[in-house]
Structure formats: C-alpha cells, structure tokens
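In what follows, a single structure is set out as structure tokens and then discussed.
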Amino acid sequence: MITGKYPSLRLRRSRKSDWSRRLVEENNLTPNDFILPVFLIDGNNKKQAIESMPDVYRYSLDKITFIVDRAIKKGLPMIALFPNTQKKKKNYLGTEALNEDNLVCKAIRLIKKKYKNEIGIMCDVALDPYTSHGHDGLIKNNYILNDETNKILIDQSLLQAQMGCDVLAPSDMMDGRIGEIRKSLDKNGFKMTQILSYAVKYASGFYGPFRDAVGSKGLLKGDKKNYQMDFRNSNEALREVALDVKEGADMVMVKPGLPYLDIIRLVKDNFKIPVMAYQVSGEYSLLSNGIKKGTIDDHAILESLISFKRAGANAIVSYYADKLDKILK
Ligand code: PBG
C-alpha cells in the first residue's frame with residue numbers, strides 16, 4: 001500500500017492548500033444524509049425552547065408548517081415526529097398511543113395533506129411518550145413485558161400507517177416486533193410502508209435532553225437496561241440486526257452515534273442494508289453547549305457528523321439537520 005518513503009514521499013503535500021484538501025477528500029455530507037427530529041406540543045402559536053438543547057423547539061400544530069417548510073427548503077428527505085404528551089393524557093398502559101387524535105396522528109394528517117410526498121415522515125413506534133412511568137412498554141412486577149407490548153406496538157404501527165406515516169421506526173427494543181409489525185402491515189394493505197428498525201439501541205446516558213423534550217424525564221422509574229442493549233457488547237448488535245433483517249426491516253438504526261462508531265462500521269461491513277445513525281440529544285447538547293461556552297470549536301460539529309459517514313452510515317438523525325448551511329460552510 002505504501003509506495004515510497006520519506007523524504008521523497010510527503011503526505012503533507014496534498015494537505016498544503018484548501019483546493020488540494022478538497023480534491024482528495026474521501027467523505028462529505030449533503031442534505032440527503034439527514035433526518036430532522038421535530039418535537040410536537042399541544043396548544044396554539046407555540047414555538048417553545050428546550051432548555052438543554054439550544055436552538056431546538058417544540059412546535060404546536062398550527063406552527064408546524066414553519067419547520068416542515070424549513071426542512072423542505074433545506075433539501076432534507078425526511079423528518080421524524082416526536083410528541084410531548086400532556087401529563088394528564090399519560091397512563092400506565094400508554095393508551096394515548098392508540099388515539100387517532102393524538103399529537104403525532106394529527107401532525108401526520110396535517111403534513112401529508114399539505115405536502116403530499118414532498119418529504120418523508122418517520123414516526124417512532126414505542127410507548128414511552130404515552131406511559132405514566134416513561135417506559136417503552138407495559139410493566140408487570142418491574143419488568144417490561146415483551147409479547148404483550150408487541151400487541152400494542154402492532155396497533156400503534158397500523159394506526160400511524162393509516163394516518164400516512166411513510167417510515168415506521170420501532171424504537172422500543174422488544175423481541176420479535178419487526179416481524180409482527182411487517183406481517184400486520186402487509187395484511188392490512190400497507191405493503192409499501194417502510195420499517196426503519198432501531199435494531200441497535202443501547203441503554204445510554206445520552207438520552208436525557210430528549211426525555212426532557214418529550215416530557216418523560218421526571219417520570220422514568222429505574223432504567224431501560226432490561227430491554228435496551230448493554231453498551232459493553234458488540235456481537236450482540238450483529239445478532240439484533242440479523243434478526244431484524246430477517247423479520248423484514250428495510251433499514252436499521254444504530255443509536256447513540258458518536259460513542260458507537262465501531263458498531264456502525266461493524267453493521268455496515270456485515271449487512272449490505274442502509275444503516276442510519278442517531279446523533280442523540282445528549283451528543284447535541286454536549287456539542288452545542290460547549291460551543292456556546294467557547295470551550296469547543298464550532299467545527300467540532302462537522303467533525304462529528306463526518307465521522308458517522310466515515311464509519312459507514314447512510315444517513316444521520318440529527319438536531320443539526322436544519323442548520324447545515326452554516327456548518328458545511
Ligand atoms: C424512545 C426514544 C428515545 C430516543 C428516541 N426515541 C429515548 C429513550 O429510549 O429513552 C432518544 C433520542 C435522543 O436522545 O435524541 N423510544
């Protein structure tokens with residue numbers, strides 16, 4: 001591989017000027033590489049700041065066109081909807097998930113009516129925005145039930161597909177749910193609705209600001225370690241992906257992003273399937289707050305995002321997705 005040696009060979013030669021660095025660049029980003037998360041909230045005329053996430057907001061439905069227009073103008077292929085559900089609508093079973101007039105369902109209908117197929121809509125399939133205990137599934141004796149939770153996830157998926165959701169993204173980490181959701185979609189006439197499985201989702205300390213954004217933070221009892229993955233493991237990630245591919249996932253997600261670049265690469269090398277990476281809220285918050293304080297250079301954002309591409313990600317879910325013009329400059 002090395003075809004010469006110092007002093008005739010100098011790798012710094014091709015780094016000496018900007019045009020030359022651009023000429024030999026191996027990875028880059030375009031808007032097509034991004035999915036923008038959008039937080040929804042009840043009420044009118046609201047664009048509500050989220051304390052731990054500078055420049056990220058919760059939007060009421062009458063303001064939703066502002067952020068969707070923005071996403072389309074920036075050339076983003078897809079947005080991901082996340083509801084901040086009012087406390088009084090949350091309960092032990094998360095029944096609000098199956099209400100066809102919940103925030104997410106109303107938002108999908110609104111966006112699809114106005115924008116048709118101009119932009120893709122992705123929705124999480126999981127119960128955590130709707131349960132009074134903040135977990136992704138049903139609980140019995142402090143254990144998150146698997147098969148009983150799947151039954152509700154199937155209904156939630158079908159409902160979101162009926163509303164017009166393009167990409168269902170189960171983020172709950174129950175076993176077997178991809179296959180069961182696929183089967184029910186096919187049976188009910190939604191053969192073309194895509195599934196992006198959060199196949200590799202770790203029980204992470206980086207989700208804090210998101211739980212704040214969707215209002216599940218103070219509610220969460222215990223942790224999610226008996227369903228989300230142990231961050232000590234990587235072989236297990238391959239088993240998770242293998243199962244979800246077999247069950248019919250169209251794409252898989254690795255989450256969080258930056259601490260798991262090795263996993264993105266592993267999955268990409270072992271499965272020729274689109275791999276998405278989620279630069280999660282804690283990563284966003286660390287970077288953005290560090291830059292605000294001046295302890296981190298702002299090009300650290302580009303540096304982090306490119307690392308996902310270098311690791312093999314096809315696209316990145318990122319709260320920076322609508323702020324790329326500045327970052328790429
Ligand atoms: C919930 C869900 C979480 C995120 C996306 N979907 C949090 C969790 O599992 O507790 C995290 C996203 C982020 O931190 O940006 N199923």
Side-chain angles (χ1 to χ4, degrees), residues 34-40 50-58 78-85 90 94 96-97 103-104 122-139 144 149-150 152-153 156-157 160 165 167-174 177-178 181 195-231 240 252-260 276-289 304-305 308 315-322:
F34 287 91
I35 299 164
L36 175 71
V38 172
F39 293 112
L40 308 167
I50 299 163
E51 206 189 329
S52 48
M53 302 177 75
D55 294 319
V56 177
Y57 302 89
R58 304 181 189 97
M78 185 157 77
I79 55 173
L81 302 178
F82 295 102
N84 178 296
T85 307
K90 298 189 187 199
E96 178 68 4
L103 262 176
V104 166
M122 156 182 158
C123 294
D124 254 38
V125 178
L127 299 183
D128 59 301
Y130 308 107
T131 51
S132 47
H133 42 73
H135 281 289
D136 294 32
L138 303 179
I139 306 186
I144 311 303
T149 297
N150 279 353
I152 302 181
L153 298 178
Q156 186 185 21
S157 301
Q160 292 181 159
C165 175
V167 176
L168 293 165
S171 67
D172 52 282
M173 290 301 282
M174 298 303 121
R177 87 281 203 217
I178 299 299
I181 290 171
I195 298 180
L196 163 50
S197 170
Y198 286 78
V200 186
K201 178 170 179 178
Y202 287 92
S204 169
F206 286 91
Y207 303 147
F210 174 93
R211 291 177 190 167
D212 178 22
V214 301
S216 67
K217 190 160 203 169
L219 302 175
L220 185 63
K221 304 240 181 345
D223 56 48
K224 299 193 175 184
K225 288 183 182 167
N226 70 39
Y227 48 110
Q228 298 181 348
M229 274 184 57
D230 185 337
F231 50 77
E240 285 284 0
V252 293
M253 179 94 81
V254 174
K255 175 184 176 188
L258 205 57
Y260 299 92
M276 312 285 146
Y278 201 138
Q279 182 187 48
V280 299
S281 57
E283 300 175 57
Y284 177 86
S285 176
L286 269 177
L287 278 168
S288 293
N289 286 314
S304 300
L305 293 171
F308 292 105
I316 308 160
V317 185
S318 171
Y319 303 95
Y320 290 115
D322 63 333

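Given the structure is predicted, the values throughout are model-derived calculations rather than measurements. Start at 1 and go down the list; that is how both ligands and their atoms are numbered. The analysis underlying the following values was restricted to heavy atoms, covering all of them including side chains, and did not include hydrogens, waters or symmetry mates.
For the pair Glu283 and ligand 1, no heavy-atom separation below 4.0 Å is found. Residue contacts with ligand 1: Tyr284 is excluded, as none of its non-hydrogen atoms falls under 4.0 Å. Using a 4.0 Å cutoff on heavy atoms, Asp172 does not count as a contact of ligand 1.
Looking only at distances, no side-chain donor or acceptor of Glu96 sits under 3.5 Å from a matching main-chain atom of Thr85. Remark: side-chain polar atoms of Asp223 are paired, donor with acceptor, to backbone N or O of Lys225 under 3.5 angstrom. Under a 3.5 Å cut-off, the side chain of Gln156 and the backbone N or O of Ala126 do form a donor-acceptor pair. At least one donor-acceptor pair under 3.5 Å links the side chain of Arg177 to the backbone N or O of Pro170.
Residue-ligand proximity, Ser171 to ligand 1, at heavy-atom distances under 4.0 Å covers atoms 1 (C), 6 (N), 16 (N). Ligand-side atoms of ligand 1 in range of Asp124: 1 (C), 2 (C), 5 (C), 6 (N), 16 (N), range being under 4.0 angstrom from any heavy atom. Every atom of ligand 1 with a heavy atom of Lys224 under 4.0 Å away is listed here by number and element: 8 (C), 9 (O), 10 (O). For ligand 1, the atoms closer than 4.0 angstrom to any heavy atom of Lys255 are 2 (C), 3 (C), 4 (C), 5 (C), 6 (N), 11 (C), 12 (C). Each of the following atoms of ligand 1 lies closer than 4.0 Å to a heavy atom of Lys201: 1 (C), 2 (C), 3 (C), 6 (N), 8 (C), 9 (O), 16 (N).
Relative orientation of the Tyr284 and Tyr320 rings is tilted, given thresholds of 30° and 60° on the angle between their planes.
When heavy-atom distances to ligand 1 are checked against a 4.0 Å cut-off, Asp128 comes that close only through its side chain, counted from C-beta outward.
For the pair Gln279 and ligand 1, the shortest N or O to N or O distance does not fall below 3.5 Å.
Across all their heavy atoms, Lys90 and Gly215 have their closest contact at NZ-O, 2.8 Å.
With atom 13 (C) of ligand 1 as the reference point, the heavy atom nearest to it among Phe210, Phe206, Tyr227, Phe82 is part of Phe210. When the heavy-atom distances from atom 14 (O) of ligand 1 to Ser281, Gly137, Ser318 are ranked, the shortest goes to Ser281.
In this structure, Lys201 satisfies the cation-pi test against Tyr207, with its NZ or CZ atom closer than 6.0 Å to the six-membered ring centre and inside 45 degrees of the ring normal.
If you check the side chains of Ser216 and Asp128, you find no donor sitting under 3.5 Å from an acceptor.
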